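Quick caveat, the model's predicted, so the values are computed rather than measured. Residue numbers begin at 1 in each chain, while the letters A, B, ... track the order of the sequences.
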Amino acid sequence: MGRATAAPTAPREPGRVNSPTPLAFRPLDWVAALGRATIGLCRSTGAVALFALTGLSHLLRPPFHPRLFLRAFLEIAWFSLPVVGLTAVFTGMVLALQSFSGFSRFGAEGAVANVVVLSITRELGPVLAGLMVSGRIGAAFAAEIGTMRVTDQIDALTTLSTDPMKYLVTPRLLAGILAMPLLVLVADILGVMGGYLIGTLKLGFSGPAYLKATLDFLQWMDVVSGLVKAAVFGFVVALLGTWCGYTSRGGAQGVGAATTAAVVSSSILILALDYVLTEAFFAR
Amino acid sequence: MSEAQAPDTRTPKIRLRGLKKSFNGKPVLDGVDLDVMPGRSMVILGGSGTGKSVTIKCILGLIEPDEGTIEIDGRNVLTMSRRERAAVLDRTGMLFQNGALFDSLPVWENVCFKLLAQGRISREKARQRAVEALVDVGLGMGVGEMDPASLSGGMQKRVALARAIASQPDIIFFDEPTTGLDPIMGAVIDGLIVDCVKRLGATAVTITHDMASARRIGDDAAMLHKGRIVWTGPAAELGHTGNPLVDQFARGEREGPIAMELRR
Ligand SMILES: Nc1ncnc2c1ncn2[C@@H]1O[C@H](COP(=O)(O)OP(=O)(O)OP(=O)(O)O)[C@@H](O)[C@H]1O
Ligand SMILES: [Mg+2]
């Protein structure tokens, strides 16, 4: 608009002077916007990648901060257990119910145990745990580090002979990578247990038969792929949580925005990476 | 620095030349020149928002200036490697304007954070050391075990001061050390800062709005105005320097060159 007034006014159709130019008539603006967005995306992707590499490189260089690692590890693996465990149990129960009622249409009720264990270990265990942890831990990391940023605590670390990346980011990244598989392993077991409860108490399977069907059918690869996914998701949650906090600015509002960004971006990235990893593990 | 003193030919501890910094196109520092001699205490004065904190953060490497040089002991810190710069920071202490205490750690760990980070002290020793440091700033038993968030603003300030000087640094920066303290505690803290400089032989740079405090703490004073240092001289002269800007500021008068610029 500003450019249009500065330049000699181009003749326009009478009667349309005040109406905004239709967007479709200005394709170059669309291209420019797309280009701007792409450059922005590339730039922030590059910055996040550099941030991740710097964070991980501190794993090789002392001093280390085992205390901080332990705290983050407990926060993820232990204090997230109630939330993630409940999610897993209910998901297993729902899966058993749904697959039973769905499969009975073509007489395949016997596959319930198999469906439950496969869905949980391969997909729902890691993905749901990832999403839950992103809401719990990613948000907490972003809020805590973001507050430290806007209250000068990160600058204070630098003046106190401590590298803030090493102190704040590295222990959390490592904890994310190591704690999530553990958490997901427990979630897998609880999820299968949820299916078992519904299967035996409500759907009339015999307990030993249900367990036998579960274990016979399960392959190592199912569990391992789920745990690898868990490690990747844990890394993503920790990375985006710390990144959004570390780069936040602008007081309480900035910290709020950083927290939202951490949860939204890590949730989406988890779902997208889940597809990529599934493709890598199971596509023929 | 001023004609009253014998000319000092030593290398300045801190030497700023042509320091410039703007934020979003708005210039804050516009060519700051400043020398701070070793073992002396420099007070920086200036209106709110003139860039005093930014100047100090530039010296510490927390903000990258757009232009200019920053020398510490005659060496430009802006061209140093990260490792050399970290070594300079190891000998430096800083009291942040808002305290910037780590709220995830108890007070005693805050106070001895640098000593612990440098591995100069064990955790048990650090606990005792912190209690002594806290007594020095007028905080009694029990404060060491508390959370920083549960302290009053003035108490946080004093903890932050204890943290800044606990590692016995060579160069110490105090960003408004006595703001938010009662007058007596302010005088105690001033005494502590003077003590630090005299006893440890440290070089201190203090930002303050409190003229009584400036005269007590400072050997030299400098006035920052519109992005430049417009005056330097002995701190004892504050209030009757002959420079209208400084005199108005030091006496806290409404009428004068600064107020006129505000109105325009
Ligand atoms: N990180 C930043 N981003 C944008 N602007 C900033 C930033 N830091 C400082 N400024 C701006 O620089 C100017 C100087 O800030 P500074 O904190 O140095 O003021 P000050 O002299 O310490 O004031 P006071 O006495 O109130 O503490 C202000 O106008 C502030 O808005
Ligand atoms: Mg300030």
Checklist entry - Considering residues, nucleotides and ligands other than A:Phe90, do more than 12 of their heavy atoms fall under 6.0 Å from its CZ? => result no
Checklist entry - Can you tell me if CD on B:Glu84 sees more than 12 non-hydrogen neighbours from other groups inside 6.0 Å? => result yes
Checklist outcome for this item: The interface call for B:Leu60 against chain A, heavy-atom contacts under 4.5 Å, is side chain
Next on the checklist: Counting C-beta onward and ignoring hydrogens, is there a side-chain heavy-atom pair between B:Thr92 and A:Thr159 closer than 4.5 Å?
Outcome noted: no
Item to check | Distance in Å, A:Asp155 CG paired with B:Phe96 CZ, rounded so as to fall on 0.5 Å steps | outcome: 5.0 Å
Item to check | Residue B:Leu105 versus chain A: region with a heavy atom under 4.5 Å | outcome: side chain
Checklist outcome for this item: Between the CG atom in B:Asp103 and the CD atom in A:Gln153, the distance rounded to the nearest 0.5 Å is 4.5 Å
Checklist entry - In terms of heavy-atom contacts, does NZ of B:Lys125 have more than 12 from other residues, nucleotides or ligands at under 6.0 Å? => result no
Checklist entry - Going from CG on A:Asp152 to CG on B:Leu101, what distance comes out if it is rounded to the nearest 0.5 angstrom? => result 11.5 Å
Item to check | chain A contact via B:Asn98 - side chain, backbone, both or neither, heavy atoms under 4.5 Å | outcome: side chain
Checklist outcome for this item: To the nearest 0.5 Å, atom OG of A:Ser161 lies from atom CG of B:Leu116 at 11.5 Å
Next on the checklist: Which atoms of B:Arg82 are under 4.5 Å from chain A, going by heavy atoms: the side chain, the backbone, both sets, or neither?
Outcome noted: side chain
Item to check | For the student: nearest non-hydrogen atoms of A:Ala156 and B:Ala100, plus distance | outcome: CB-O, 3.9 Å
Item to check | Check: B:Ser104 and A:Arg71 side chains under 4.5 Å, non-hydrogen atoms | outcome: yes
Checklist outcome for this item: Taking every heavy atom of B:Ala117 against every heavy atom of A:Leu160, the minimum-distance pair comes out as CB-O, 3.9 Å
Next on the checklist: If I measure from the heavy atoms of chain B, does A:Leu157 come under 4.5 Å with its side chain, its backbone, both, or neither?
Outcome noted: both
Checklist outcome for this item: The reported gap from CG in B:Leu62 to CD1 in A:Ile154 (rounded to nearest 0.5 angstrom) is 11.5 Å
Checklist entry - B:Phe102 vs A:Tyr167 aromatic rings, parallel, tilted or perpendicular, using cut-offs 30° and 60°? => result tilted
